Amino acid sequence: MTESSKPWLAKHRVVAYAVPVLAVAVAVIITALMARFFTPEPIGLLMLSAVIVTAWLADLGPALLAIVLALLAFQYNIAPPTNLFVWKQNFLAVDPSETPRLVLFAVVSLFVSFVIAAKSKATEALRHSRDELQAAIEGLKRTESTLLHTEMYLTEAQRLTRTGSFGWDVSTGTNFFWSDQTFRIFEFDRATKPTVELVLQRVHPEDRAAVQAMVDRVSNEDKDFEHQYRLLMPDGSVKHVHAMARATKDEYGRVEFIGAITDVTATKETERKLRLSEAYLAETQHLSHTSSWAWDECLKKYAYLSDELYHLFGVEQGRESELVKTYHNRILPEDKLRVIEAARQAIRDKTDLEIDFRIRLPDGTTKHVHSVGHPVLNSEGNLIQLVGTNVDVTEQYEAKEKLQKAFDEIKRSQDHLRLVINTIPTLVWRAKPNGVPDFLNQPALDYTGLSLDQAEFGWPRAFHPEDKKAMLLKWSAIRESGKRGGLEARLRRCDGEYRWFLFEAKPLRDQSGNIVNWYGSATDIQDRKLAEFALRDSEQRFRDYAETASDWLWETGPDHRITNISEHINAIGLRFAPVSGRTRWEVASDYETESEKWRLHRQTLDSHRPFRDFVYSLINENGSQVYVRSSGKPVFDVEGRFFGYRGTATDVTALIRAEQAEQALRKAQAELAHVTRVTMLGELTASIAHEVNQPLAAVVANAEASLRWLNREQPDLAAARRSVEWVINDGCRASDVIRRVRALAKKSDMETARLDLNHVVNEAITLVERELIKHRVSLRTELAPALPEILGDRVQLQQVIINLLINGIEAMAPATDRRRELLIRSGKNDTDQLILSITDSGIGISADNANRLFNAFFTTKSSGLGMGLSICRSIVEAHGGRMSASNNEGPGATFQLVLPLHREDV
C-alpha cells in the first residue's frame with residue numbers, strides 16, 4: 001500500500017500507536033465499570049472491540065500492539081484477585097485452565113485484525129484506483145483537447161500551404177480518409193465518398209493515362225510513390241497538384257498508402273513566369289549584346305556564365321571549361337594586365353569594378369567590351385561573390401569614332417555653312433533658350449540695318465507696334481511648349497517700310513533633352529498677305545450676299561452626297577448634321593411615290609449637267625413635310641475632273657400647299673355636288689336595305705328550320721318552338737335596325753347603355769354561325785377577360801361586327817389553297833381604350849382601293865351597295881371611336897375598332 005492510500009492515523013506513527021493504548025485503556029475502564037453489574041464481566045468482548053477499533057483506525061501494526069495489550073489486560077483481569085484496579089504480583093502466571101481462552105482471544109483478535117486490515121487496504125486500493133482513474137480521465141481529456149487543437153492547427157496549416165492528406169486502401173480501392181483541404185483541392189463536396197475512380201474523373205484527360213498507370217504500378221509493387229499531374233475543374237480551370245505517399249501495412253497485413261497532395265498551381269505559374277523572365281532576359285541580353293557572370297571568391301571559380309557570354313567570346317554554347325580557359329586569352333595583351341589588376345583591386349577593396357578592354361576572336365575580329373562588376377558581401381562583411389556584366393560596345397565605339405569624324409567634318413564645313421547662311425535670300429536668326437536673339441545672318445542685318453552687337457535689343461524693336469504684343473505672346477507660347485512653331489508679323493526695313501514675314505522657329509536640344517538654342521528663319525510673305533486681304537474682302541462680300549438672301553447654299557461631292565449646307569436650312573427645321581453624308585434622294589420623302597421624277601433627276605446628275613427648279617419634299621425634325629425647290633451646277637477642276645455640285649435651295653412649302661389646297665377644294669366641290677344629288681334619294685333606302693338584309697336572312701333560315709322540325713314523322717315541337725322564337729328575335733332585331741337607321745337619318749341620339757364588348761361579340765357570332773358553316777369558315781376568338789365596360793348602342797355595334805364578319809367570309813370565298821379562318825381579338829391599349837380586331841385570310845386590300853375603302857357607294861363586290869363600311873365607320877365614330885383597315889403580313893386583311901371606355905370605368 002502506498003503512503004497516500006493509508007488511513008490518516010496510520011500516516012502519523014505516534015498517534016497510530018497511541019490508539020491501541022487508548023482503546024485498551026477504555027476497554028479496561030468499561031470492563032471495571034461493567035464488572036459491578038455483570039458476572040462474568042464482558043472483558044473479552046470489550047478487548048476484542050478495542051482491537052477492532054485499532055485495526056480499523058490505525059492499520060495492522062497498532063492492531064498487533066492492541067492485541068498484546070489486550071492479552072495483558074485479559075491476563076491481569078483473570079489473575080486473582082479478580083479486580084482490575086488491584087495490584088497483582090504474579091499476574092503473568094498463566095492459569096492452564098485459562099490458556100485456551102487466551103489463545104482463542106489471540107487467534108480471533110489476529111484474524112479480525114488481519115481481515116479489517118485487508119479490508120482497509122482493499123478500500124484504500126479501490127479509492128486509489130478511483131483517483132488514478134479520474135486522473136487518467138482528466139489526462140485523456142487534456143490529451144483529446146490537445147489533439148483537437150493539433151488537428152485544428154494541422155487543418156489551418158494545410159489550408160495555408162494548399163496541402164491535403166489522404167489515406168488509400170489498395171485492397172478495396174477506396175480512399176478511407178480525405179482531409180478538408182483535399183476535398184477543397186478536388187472541389188468535391190465533403191459528403192462525397194472518395195474513390196480512385198472519382199479522382200480519375202477529375203484528372204486532366206491528357207494526364208489520366210499516366211495517373212492510371214501510376215495507380216496500377218503502386219497497387220502491384222506496394223512502394224512509396226510521388227507524382228505530379230493536372231486536374232480539370234468543373235469551371236474549366238486547370239490545377240497542378242503534387243501527390244506523394246508512403247506505403248504501410250495494417251495489423252492484417254493489408255497495404256495502405258498514407259500521403260499528402262499539394263496544390264502547386266501557383267508554383268507552376270511562378271515557374272512558368274520565371275522561365276519566361278529568363279527567356280526575356282536571355283533575349284534582352286542577346287539584343288543588347290549584354291552578358292552576365294558571377295565569380296565565386298571562396299571556390300575561386302566562376303559560379304555563373306550567361307549564354308550571351310559564350311557568343312561574345314566566340315565559344316560554342318555549353319562548353320564552360322573552354323570559355324573559362326579562353327576568357328583571359330582572348331583579351332588583347334596590352335589590356336590584359338590592366339583587366340587583371342582591376343579585378344584584383346575590386347576583390348581586395350570590396351569595391352565596384354568598371355573597365356573597358358578589347359578581345360580578339362578566332363576569326364581575327366576585334367570587339368570592344370565594357371565590363372561592370374559589383375561585390376556581394378555576407379553578413380560578416382566578407383566578399384563571397386563578384387557579380388557583373390560584359391557589354392559588347394563595339395558598335396558604340398565605332399559610332400563614336402564616326403561621330404568624331406563627323407564633328408571634324410562639321411567643323412571644317414562651318415565656314416562653308418556660314419557662307420551659305422549669309423547668301424540665302426531668307427532672314428536666319430538664332431536665339432538663346434530664354435528667347436533673346438544672339439545671331440542674325442547677313443541678309444537680316446542688311447534688312448534691319450542693325451549690327452550683330454545690336455541684335456539683342458534692336459531685333460524686337462524692329463517689329464510693327466501693332467504686332468509686337470501678339471508676337472511676344474506667341475513667341476512665349478512657342479518657347480513654353482518646347483516645340484516647333486511659327487507666327488506672322490510685320491518687320492521694319494532699314495528704310496522704315498514694314499513688310500509681312502513668316503517667322504518659324506525650331507529648338508535644338510542636347511542629349512539630356514534640354515533646349516540649347518532656338519534656330520529660325522523669317523520669310524517675306526508681303527505679296528501673299530496682300531492676296532489674302534483681297535480674297536478676304538471678296539469672301540466677305542459674297543458672305544453678305546448669301547446671308548441676306550432667303551435661299552440656302554449647298555455642296556455635294558462626286559458621289560452626290562451632301563458635304564456642306566449654309567445655316568439658312570435651319571429655317572425649315574433641319575440641321576446640317578443629320579443630312580451630312582447623305583444623298584438628296586435619301587433625305588427626300590417622295591422618292592418612292594414619285595419614282596419617275598427622281599429617275600430623270602438622277603440621270604441629270606450622273607451626266608453632270610446643270611438642273612434648275614427641281615421640287616421635292618422631305619420631313620423635317622418636327623415631323624412636318626416641307627417642299628424644297630433646288631437648282632445646281634456641276635463643278636470641275638482645271639483638268640476637267642468632276643468634283644460635285646454646288647447650288648441653292650428655296651423653301652416653297654407655302655406655294656405647294658396653296659396649290660394642293662386649291663386642287664383639294666376643287667375636288668371636294670365636285671364630290672359634294674355628287675353626294676348632294678345622291679344622298680337625298682339613296683341614303684335612307686340603302687342603309688335600311690343593307691342593315692335589314694341580315695336579320696331578314698336569319699328570319700328565313702330559322703323559319704325553314706322550323707318547317708323541317710314540323711315535317712318530321714314525329715314533329716320536334718321543342719326545336720320548332722325554339723326556331724320560331726329565333727324568328728321572333730330576328731324580326732325584333734330587324735325592327736330595331738330600322739328604328740336605329742331612321743334615328744341615324746334624323747340625327748337623333750343613340751340608345752346607349754353600359755356594354756360588355758366581349759358579350760356583344762359573342763351575340764354577333766351567334767347570328768352568323770349559319771354563314772360560317774355554309775362557307776366552311778373556322779372562327780377563333782382571343783377575347784381578353786375582365787375588360788372594362790363601354791357606353792354604346794348594342795344593336796348598332798352588333799351590326800358593325802356582323803358586317804365585318806360577313807365581309808371577311810365573302811373575302812375568303814375565292815381562297816381555295818389555304819384554310820379559311822376568322823380571328824377576333826379584344827383587348828386594351830396603353831391609352832385606356834378598348835381594341836377589337838377581325839382578321840381574315842382572304843384576298844386582302846389592294847393598294848388602289850386602300851384610300852377609298854370607307855367611301856360611300858364604293859364597293860368591290862358585284863352585288864354590294866358600297867354603304868356597309870361607310871355606315872360601320874359612321875357608327876364607330878358616333879361612339880367616339882375610330883376604325884381602320886390594313887393588310888396582314890400574310891394573306892388577308894385586318895379591320896380594327898378602337899372604342900373609348902365608359903367614363904366611370906376610366
Side-chain angles (χ1 to χ4, degrees), residues 140 142-278 303-304:
L140 183 60
R142 288 193 296 272
T143 303
E144 183 178 1
S145 177
T146 303
L147 183 60
L148 289 175
H149 281 80
T150 303
E151 185 177 357
M152 180 180 67
Y153 296 151
L154 178 59
T155 301
E156 184 65 18
Q158 288 185 350
R159 187 183 67 82
L160 294 175
T161 60
R162 299 176 180 268
T163 301
S165 54
F166 65 90
W168 175 30
D169 189 344
V170 177
S171 60
T172 62
T174 60
N175 291 276
F176 58 83
F177 167 73
W178 270 19
S179 67
D180 292 341
Q181 184 61 27
T182 305
F183 280 100
R184 281 194 289 269
I185 290 175
F186 282 88
E187 295 186 9
F188 285 129
D189 187 76
R190 192 68 176 83
T192 305
K193 182 180 180 181
T195 62
V196 175
E197 290 74 14
L198 197 64
V199 172
L200 290 175
Q201 290 177 7
R202 190 67 90 214
V203 174
H204 196 283
E206 296 179 1
D207 298 345
R208 193 168 293 158
V211 174
Q212 181 65 59
M214 183 270 297
V215 172
D216 297 339
R217 177 176 55 79
V218 300
S219 299
N220 297 327
E221 297 178 357
D222 300 337
K223 294 182 180 180
D224 300 347
F225 69 86
E226 184 174 359
H227 190 62
Q228 286 192 7
Y229 53 92
R230 293 170 294 173
L231 302 179
L232 182 60
M233 311 316 294
D235 59 358
S237 62
V238 176
K239 284 185 179 180
H240 294 263
V241 295
H242 177 260
M244 58 186 305
R246 184 176 299 279
T248 60
K249 293 186 177 181
D250 60 7
E251 62 272 16
Y252 302 106
R254 294 179 300 187
V255 177
E256 297 177 347
F257 285 94
I258 308 298
I261 184 166
T262 304
D263 184 354
V264 295
T265 305
T267 304
K268 286 290 185 181
E269 182 64 18
T270 302
E271 291 178 357
R272 186 188 67 81
K273 291 181 179 179
L274 181 59
R275 289 193 296 270
L276 190 61
S277 299
E278 290 177 350
Y304 170 73

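Values in this document were obtained by computation on a predicted structure and should not be read as measured data.
Every residue meeting the ring pair (Phe, Tyr, Trp, His ring centres under 6.0 Å) condition with Phe225, not counting sequence neighbours, appears here in chain and number order: Phe257. Remark: His204 pairs with no residue by the side-chain hydrogen bond (donor to acceptor under 3.5 Å, both in side chains) rule, at least two apart or across chains. Listed by chain and number, the residues in a ring pair (Phe, Tyr, Trp, His ring centres under 6.0 Å) with His227 are Tyr229 (sequence neighbours excluded). Every salt bridge (Lys or Arg N to Asp or Glu O under 4.0 Å) that Glu206 has, sequence neighbours left out, goes to Arg230. Partners of Met244 according to the side chain to side chain contact (heavy atoms under 4.5 Å, CB included) rule, which considers only residues two or more places apart in sequence or in another chain, are Glu226, His242. Judged as a side-chain hydrogen bond (donor to acceptor under 3.5 Å, both in side chains), and not counting sequence neighbours, Asp189 has no contacts. Partners of Arg217 according to the side-chain hydrogen bond (donor to acceptor under 3.5 Å, both in side chains) rule, which considers only residues two or more places apart in sequence or in another chain, do not exist here.
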(message) Would Arg246 and Asp224 count as a side chain to side chain contact (heavy atoms under 4.5 Å, CB included) here? Give the steps.
(response) CA-CA 5 Å; Arg246 184 176 299 279; Asp224 300 347; 3.2 Å; yes
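The salt bridge (charged side-chain N to carboxylate O under 4.0 Å, His left out) contacts involving residues 232-241 comprise Glu187-Lys239, where partners must be two or more places apart or lie in separate chains.
Counting all heavy atoms, side chain and backbone alike, Leu198 lies closest to Thr192 at CD2-CG2, 3.3 Å.
Arg202 places no side-chain N or O within donor-acceptor distance of the main-chain N or O of Leu231, the cut-off being under 3.5 Å. Between the side chain of Thr163 and the backbone N or O of Ile261, no donor-acceptor pair lies under 3.5 Å.
Using a 30° and 60° split on the angle between ring planes, Trp178 and Phe186 fall in the parallel class, below 30°.
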